[in-house]
Every structure is written in C-alpha cells, then in structure tokens.
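Naming convention: chains lettered A, B, ... in sequence-line order (proteins, then strands); numbering from 1 in each chain.
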Number of protein chains: 2
Amino acid sequence: MVRATIEDVALEAGVSVATVDRVLNGRAAVRPQTVERVEKAIRQLNYQPDRLAARLARSREYRFCFVLPEGTNAYMSALADEVRAAASRMVQEKVVIDLRLTDVFDAETLASALERLGSNYDGVAVVALDHPRVREAINALADSGIAVVTIVSDVPNSKRHHYVGIDNSSAGRSAATLMGRYLSGRSGKVGLIAGSLSLRDHIERQFGFEQVMLHEYPNLTLLPVRESRDDPKRVQAVAAQLLTDHDDLIGLYNVGAGTPGIVAALEAAGRARKVVYIAHELTDESRHALISGTIDIVINQDAGHEVRSAIRVLMSKADKAPIVNSMERIRIDIYLRDNIP
Amino acid sequence: MVRATIEDVALEAGVSVATVDRVLNGRAAVRPQTVERVEKAIRQLNYQPDRLAARLARSREYRFCFVLPEGTNAYMSALADEVRAAASRMVQEKVVIDLRLTDVFDAETLASALERLGSNYDGVAVVALDHPRVREAINALADSGIAVVTIVSDVPNSKRHHYVGIDNSSAGRSAATLMGRYLSGRSGKVGLIAGSLSLRDHIERQFGFEQVMLHEYPNLTLLPVRESRDDPKRVQAVAAQLLTDHDDLIGLYNVGAGTPGIVAALEAAGRARKVVYIAHELTDESRHALISGTIDIVINQDAGHEVRSAIRVLMSKADKAPIVNSMERIRIDIYLRDNIP
DNA sequence: CAATTCCTGATAGGCGTCTATCATCAACAT
DNA sequence: ATGTTGATGATAGACGCCTATCAGGAATTG
C-alpha cells in the first residue's frame, strides 16, 4: 500500500492540487464546502503530507536560539556543548542554532535578553527563572508567534509551549527515599542546600525531598535549607558551616550546583564517606567524587537528550506538527558509582 | 553559508554531475585520478549529501524485521507494542517494519527463524540467545549484507553491527550496591534468581551483582543462583522455596522476568516489605508492586528508546551513514516508587 | 448590466538527489 | 582504417511538495 499524495487527494475530492494546497497551507480563501470536501478526501485516503518532501521544497531555514546561563556551572557548560554539537549536526537539516549566554539568576537581565531576540527566530529554548518579569518576556515571545520551550527549569504559568526537563519534585522525592533507605536504622541530621529559591527546579526538588523525608523517615531530622546561589565559594562555606554546626549530620542533599565545594568541605572535615551525600548533575567533578565515594548518588538529567528533545519540539512547533509525548519525556537518571557511563 | 550541492562539487572538480554521482554511488567505472579530483572537491566544499533529498529521490523502502520472544513476558510485550507504534509512525518515512515472534529460548527455533528471513530485509533486530547456532545465523545474515542489531540481549562474538541495550553487568553491580546500602548494618542472606543462564543479559547481571556483593558487603551471604526459565509458575515456586528455606533471607534480586510470581510468593509468605526486593523491567505489575512497597527498586531499560535506537541504527547502516554513539547509548533506568513515570 | 471580487484550475519551476539513456571522444586492438 | 572498449558529458524525468502566476468562471456589488 503506497502512501497517498496531494494528487490523489485532489482526484478524490474532485478539485485541483492547487486547491488542496490552499486548504493544507491556508494559502488563500477557499469556500467552506470545498474545504469540507478536501478534508473528507484527506480522511478517506489517510493522507499525511510527506514532511521530508515538504522540507525539501520549502528549503526553509529554521532559526532557533538557546538562552543558557553564563558562568562556570559545569552542567550548564555541558548543556552548551551539547547545543553546539547539535547545531553542527543539524546544519544538514537546514537548522541554524544560536547560543546565547546570559545571567539567568537576574530576572531583569534575562528578560531583556529574551526581549532582544525579537523576531529573528522561529523558536527559543531558555533556562528560565520563575519570575514575573521573565514570564512576561516569555509570553511576549509566544504571542509574537515564536515557539518557546523552557529547559531544565520551568516557568509553569507562562505561555511556553513545552517544558523539557525532569519532574523535579519527583527527583527530590527519589533523593529522599534513597537517603532514608541508605540511612535506615540510624538517626541524625540531614542537611539541604539549594542554589536559588527563585529557580523553580530547586524549589520543587526541595519540596519533594522534604515531603518524603518528613513523612517517611522520622528518625532523621531535616535541617532548614541553606541558599548558596550556586557560587562555588559560598557553597563550600555553607557546607563547612553545616558540618561544624552539626557533628551528627549524617546526610546531605544538594539541590543545586556547586558540588565541588561540598566535596571539598566534606573531605576537609574528614567526613567524606561518613555523610551520605546526594548531588545533582553528572559532571567530571561529581563523577570523580562518585567513584571515590564522597558522593553516594548523583541525580542527573541527560544534557544531550534535553537539547535534542528541545530541538525536536521546536521543529514540530515550527512545522505545526504534533509532538509525541512519550518520546519527549526526560527521565531522571540515578547514577551510582556502578553505572557511570 | 549555504550547503554545497552535487552541482557545486562538479563545478569545483571540473567534471559533470553525472561523474560526481558515479563516484558517490559507485555507479560505474571512473578513472582513479578523476575520483581523486572529485573527492578533493568534496573535501574542499565539505559536501555532505542531503539525506532527505536522497531518500525522496530514491523513493526506496527500508524493510526491517524485529524478532522478539513470543509468550507472556510483559516487558517483551511492551517491546512489541513499541515496535508496532514505531512501525506506524515510520510509514511516512518509507520504513516498513515487520514483527516476528518466536521462541527465543530455543536456539534451534530462533536460528532457523533468522535463516528464514532470507534477504527480504535491509535490516534485522533480534533479541538473541547467546548460542553457537544463533551466532551462526546472525553471521550469515550479516555476511549477506543485511544489517543486524541485537537488542536487550547481546551476542558479543557475532558479526552483529551493533548492540542496543544496557550494560548488564553494570546493572547488576548497581543492584548490588543498592541492595548493600539498603541493608547496611544488617546481616543475612540474599537470593538471586535468573531466567536462563543462556541469556547473555542474565549472566552479566548476575556476574556484576555477585562481584560487588562479595567484595563490598561481607555482612550479606549470597545464595547460589536459581534458574527459573522465566516461567511464571516456576518463578513463584523458586521464590517460595527460597523463602521457606531461609527465614533469614533479607534481600532478593531477580535478574529475569516473572516478577509477579515473586511478588505473589513474598506476599503469601508475609515477607513483603521485609525483604528488600530488586527487580528488572518496569511493567504494570512491577509498577504496582513498587507502589505497594513489595518491590523496592526496579531497574529498567526503556523499550521505546531501544526500539527507536535500533531503527535509527538500522537506517544508518542501510544508508551507510555513521551513527552517533552518544545518542544511541541506552541508559540504566532506576525506578523507585517516587519516580515512576 | 457592467464592474468587481471571490474561488478555483492549470501549470511552470524549484528543492537536491537518483536513475537511466544517449552521445562523445580518446585509446586501443584487429 | 575499422571496430571495440572505457571514461565522461549532457540531459531528461522522477520523487512529493511548495510557491507563484495567470486565466477564467461564478458570485456579488453598484
């Protein structure tokens, strides 16, 4: 059984190919009853336009922009690398991808960066701060017909078309369960460090973690969250403080970046491998610490997958084609030292 | 910068497009020095054929066949469903995918099934038994120019072009680490059940598990493996036996299928939630047991990803195009009740 | 009723590649 | 010199769709 073409549809509907094309691409006004006839023919023949041929014919460039945090965050660098890699691979599909680094922690800076993108792009992917100003900028982009996806950190009440990233409260709950089970039978304190409480992903992880921790593991005392702004020095200071303040600290969950600082603090205090430490994002540093045993578990979201998923979604939106949800689900990767890739 | 076309290459090399095509597709004899000139032009212009246009022009059908185990194994059913779903999605890319179910546990049956595929296909994906007879059949297919990938379970010394699946010894090691940590501070026996010791994946998981278990957790006594042939009743019987034989059994790792049987045995013995139970593959049953707490951890490989990866690899082989390894790595999914999708 | 406007048909040309055929031309063998 | 072979050029048509234009008929307006 061969696939139906536009010509078949035209024949079936008793109209010309030009008219079918007008219906399909809304190129000009067509009488409602004619539209109806064409659509019926499409349904009967189960016609699906050949996207490859369409792309070839349109010889259209897709222009996308990724807006990522600048700075030294290892995970974000990896994400940027993946964007660049995907960009060079996508050249052959006529996809141009720009990469823009900006201070994501500052709502004003981020928002105006987004606004400056103007209408140069068909789609934008952004690691976003959940802030009214940023939400406005995202909505403005979406309203002007640009496809917008949030990546890694979401802005749920905005008009973004899609969020590419893990379910963060689920990640937090998982961390809590692992922490609780690893520490089963023991009692003591568990520390929680976050980067920024304006980052949606951090809050949600914290929320999930606390939820499970409080309900399921009464033997463990959860200390109040400490905010680190993901600044390496500050993270280390916060961790060191925690360790000196609580010599019965037996667990530590870092929701944000800055893992090396915590590793350093743990090792300096001689508490490495004594405190169960769960971190996020697999980087060179966390990989090493995982192998040495200072980190027990790393929860990760695959940067490559996220970038490719974001691109697929943006392309689908640009083509007005549907996306396959099950394909775009980003999974929570749990890494032990035994399954590091 | 626009992409170079065949015409550009022809111009650059000072030959006709026909000659470039001859070089590219080996269509006819071309003088070595001419070949050299064309290849130089290709290099200089960094010419890459437009795969979309090529597919369109060739209007070639790709014919692939998936050979999966028949029977009631829930994971394999899910895999089959994913194959069917992918098949219907790939119609628009001119990819025809057949699905063949056979008794994979029987080397003879599987091998002759593979042989009967003849040359009707451009590529074959198979869940394979690691057996000389099967290896021969795989080699024969590969020798006759058909792309072969093994999926889920590998046949390492065969001529298969690629293995799509997780690193099973790594999965086994991860299971052991989680088991060891969940049971930290306690001592007792840990049971190990496998489906078939001719299935590569099962052996490797077992191997990885034992390796870590023996070295890292001397407090736990590992019982000898029991083979279940993945038969539901038998699995349940084996598990029940283990439980009655060892009332100090505190951990259980099932390397193969038949999870429902073990869940039933644990619940019948009133030992659910008392024994740390780690299983493979996320199915409806294991999902339920995970939520109820009878299963503590499920190690999974995403069926959808595997199928899509297998198809991508088969298509690349058929097109003689390279594959991007990092894209095709199948990850070990670790599911707790907190991150079930 | 003529002048517009709205719909529709017909068709050409292009996107980048593949396939196939025919024509050249040079080198070589007879 | 004639025929044969090998290498190359030229070119048309296809793949399925998009874009654009022109022509003509139908419906609407003044």
Side-chain angles (χ1 to χ4, degrees), chain A residues 1-39 41-42 45-62 91-95 122 315 318-321, chain B residues 1-39 41-42 45-62 90-95 315 318-321:
Chain A
M1 185 196 54
V2 225
R3 302 186 53 211
T5 71
I6 279 200
E7 215 165 340
D8 300 327
V9 175
L11 232 61
E12 175 77 20
V15 300
S16 70
V17 288
T19 300
V20 176
D21 177 67
R22 290 193 254 261
V23 172
L24 284 168
N25 298 309
R27 202 177 307 291
V30 178
R31 246 190 321 162
Q33 39 178 319
T34 313
V35 173
E36 180 48 45
R37 270 181 29 224
V38 171
E39 284 176 344
I42 289 178
L45 299 179
N46 186 29
Y47 168 78
Q48 292 171 286
D50 182 329
R51 285 180 61 184
L52 303 191
R55 290 243 289 275
L56 182 60
R58 262 194 268 260
S59 78
R60 168 183 169 188
E61 269 196 2
Y62 295 81
V91 175
Q92 67 168 308
E93 309 229 4
K94 293 223 172 52
V95 179
D122 302 303
M315 290 197 62
D319 284 343
K320 296 187 189 7
Chain B
M1 186 195 56
V2 223
R3 302 186 53 211
T5 71
I6 280 198
E7 215 164 344
D8 301 326
V9 175
L11 231 63
E12 175 76 22
V15 299
S16 71
V17 288
T19 299
V20 176
D21 178 66
R22 289 184 183 110
V23 172
L24 284 169
N25 298 308
R27 204 178 305 290
V30 177
R31 248 191 317 163
Q33 39 178 317
T34 314
V35 173
E36 180 49 44
R37 281 199 357 243
V38 171
E39 284 175 345
I42 289 178
L45 299 178
N46 185 29
Y47 167 78
Q48 292 170 286
D50 182 328
R51 286 179 64 183
L52 302 192
R55 289 242 289 274
L56 183 59
R58 259 193 270 259
S59 76
R60 169 183 169 189
E61 270 195 359
Y62 295 81
M90 297 299 277
V91 176
Q92 66 170 307
E93 309 228 5
K94 292 222 174 51
V95 179
M315 290 198 64
D319 285 343
K320 297 186 189 6

If I take atom CD1 from residue A/Ile6 and atom OG1 from residue A/Thr19, how far apart are they, to the nearest 0.5 angstrom? 11.0 Å

Output the rounded distance in Å from CD (A/Gln48) to P (D/dG16). 14 Å

Measure the angle between the two terminal helix axes of the helix from C/dC1-D/dG30 to C/dT30-D/dA1, five base pairs each, and quote it to 10°. 40°

Please identify each residue that fulfils salt bridge (Lys or Arg N to Asp or Glu O under 4.0 Å) with A/Glu39, with sequence neighbours left out. none

Between CZ of B/Arg55 and C1' of C/dT17 the distance, given in whole Å, is 13 Å

Could you work out, with side-chain hydrogen bond (donor to acceptor under 3.5 Å, both in side chains) as the rule, every residue matching B/Ser59, not counting sequence neighbours? none

Please list, chain by chain and in numerical order, all residues satisfying side-chain contact (heavy atoms from CB on, under 4.5 Å) with B/Ala54, sequence neighbours excluded. B/Arg58

D/dC15 C1' sits how many Å from B/Arg51 CZ, rounded? 17 Å

Taking CG from B/Asp319 and P from C/dG16, how many angstroms apart are they, rounded to a whole number? 19 Å

According to side-chain contact (heavy atoms from CB on, under 4.5 Å), who are the partners of B/Leu11, at least two apart in sequence or on a separate chain? none

With the side chain of B/Asp50 defined as its heavy atoms from C-beta on, choose the nearest nucleotide among D/dG16, C/dT17, C/dT11. C/dT17

Considering just the side-chain nitrogens and oxygens of B/Thr19, establish if one lies under 4.0 Å of OP1 or OP2 belonging to D/dT8. no

Taking salt bridge (Lys or Arg N to Asp or Glu O under 4.0 Å) as the definition, give me every residue that meets it alongside A/Arg55, ordered by chain and number, with sequence neighbours left out. A/Glu93

Under 4.0 Å, counting only non-hydrogen atoms across every strand here, what does B/Val15 touch: a base, just sugar-phosphate, or nothing? sugar-phosphate

Rounded to whole angstrom units, what separation is found between the CG atom of B/Leu45 and the P atom of C/dG16? 14 Å

Let me see the working for B/Leu24 and B/Ile42 under side-chain contact (heavy atoms from CB on, under 4.5 Å), right down to the final yes or no. CA-CA 10 Å; B/Leu24 284 169; B/Ile42 289 178; 3.9 Å; yes

Name every donor-acceptor pair, under 3.5 Å, that has one atom in a side chain of residues 46-53 of chain B and the other anywhere in the protein, sequence neighbours excluded.
| unit_1 | atom_1 | unit_2 | atom_2 | d |
| --- | --- | --- | --- | --- |
| B/Asp50 | OD1 | B/Leu52 | N | 2.8 |
| B/Asp50 | OD1 | B/Ala53 | N | 3.1 |
| B/Arg51 | NH2 | B/Asp319 | OD2 | 3.1 |

Residues of residues 31-39 of chain A with any non-hydrogen atom less than 4.0 angstrom from an atom of DNA chain C: list those, numerically ordered, please. A/Arg31, A/Thr34

Interatomic distance, A/Lys320 NZ vs D/dC18 P [rounded to whole Å]: 13 Å

Salt bridge (Lys or Arg N to Asp or Glu O under 4.0 Å) partners of B/Glu7, counting only residues at least two apart: none

Does the protein touch nucleotides 18-25 of chain C at the base, only the backbone, or not at all? Give it as B, S and - per nucleotide, heavy atoms under 4.0 Å. SB------

Within the pair A/Ser59 and C/dC15, is there a side-chain N or O less than 4.0 Å away from OP1 or OP2? no

Specify the closest pair of heavy atoms between B/Ala41 and B/Ala13, including all atoms of both residues, with the distance to one decimal. CB-CB, 3.8 Å

Here the gap from A/Leu56 atom CG to A/Lys94 atom NZ, rounded to the nearest 0.5 Å, amounts to 7.0 Å

Which pairs, with at least one residue in residues 17-33 of chain A and sequence neighbours excluded, count as a salt bridge (charged side-chain N to carboxylate O under 4.0 Å, His left out)? A/Asp21-A/Arg27

Would you kindly give the CD-to-P distance between B/Glu61 and D/dG16, to the nearest whole Å? 12 Å

A/Leu56 CG to C/dG16 C1', in whole Å, measures 6 Å

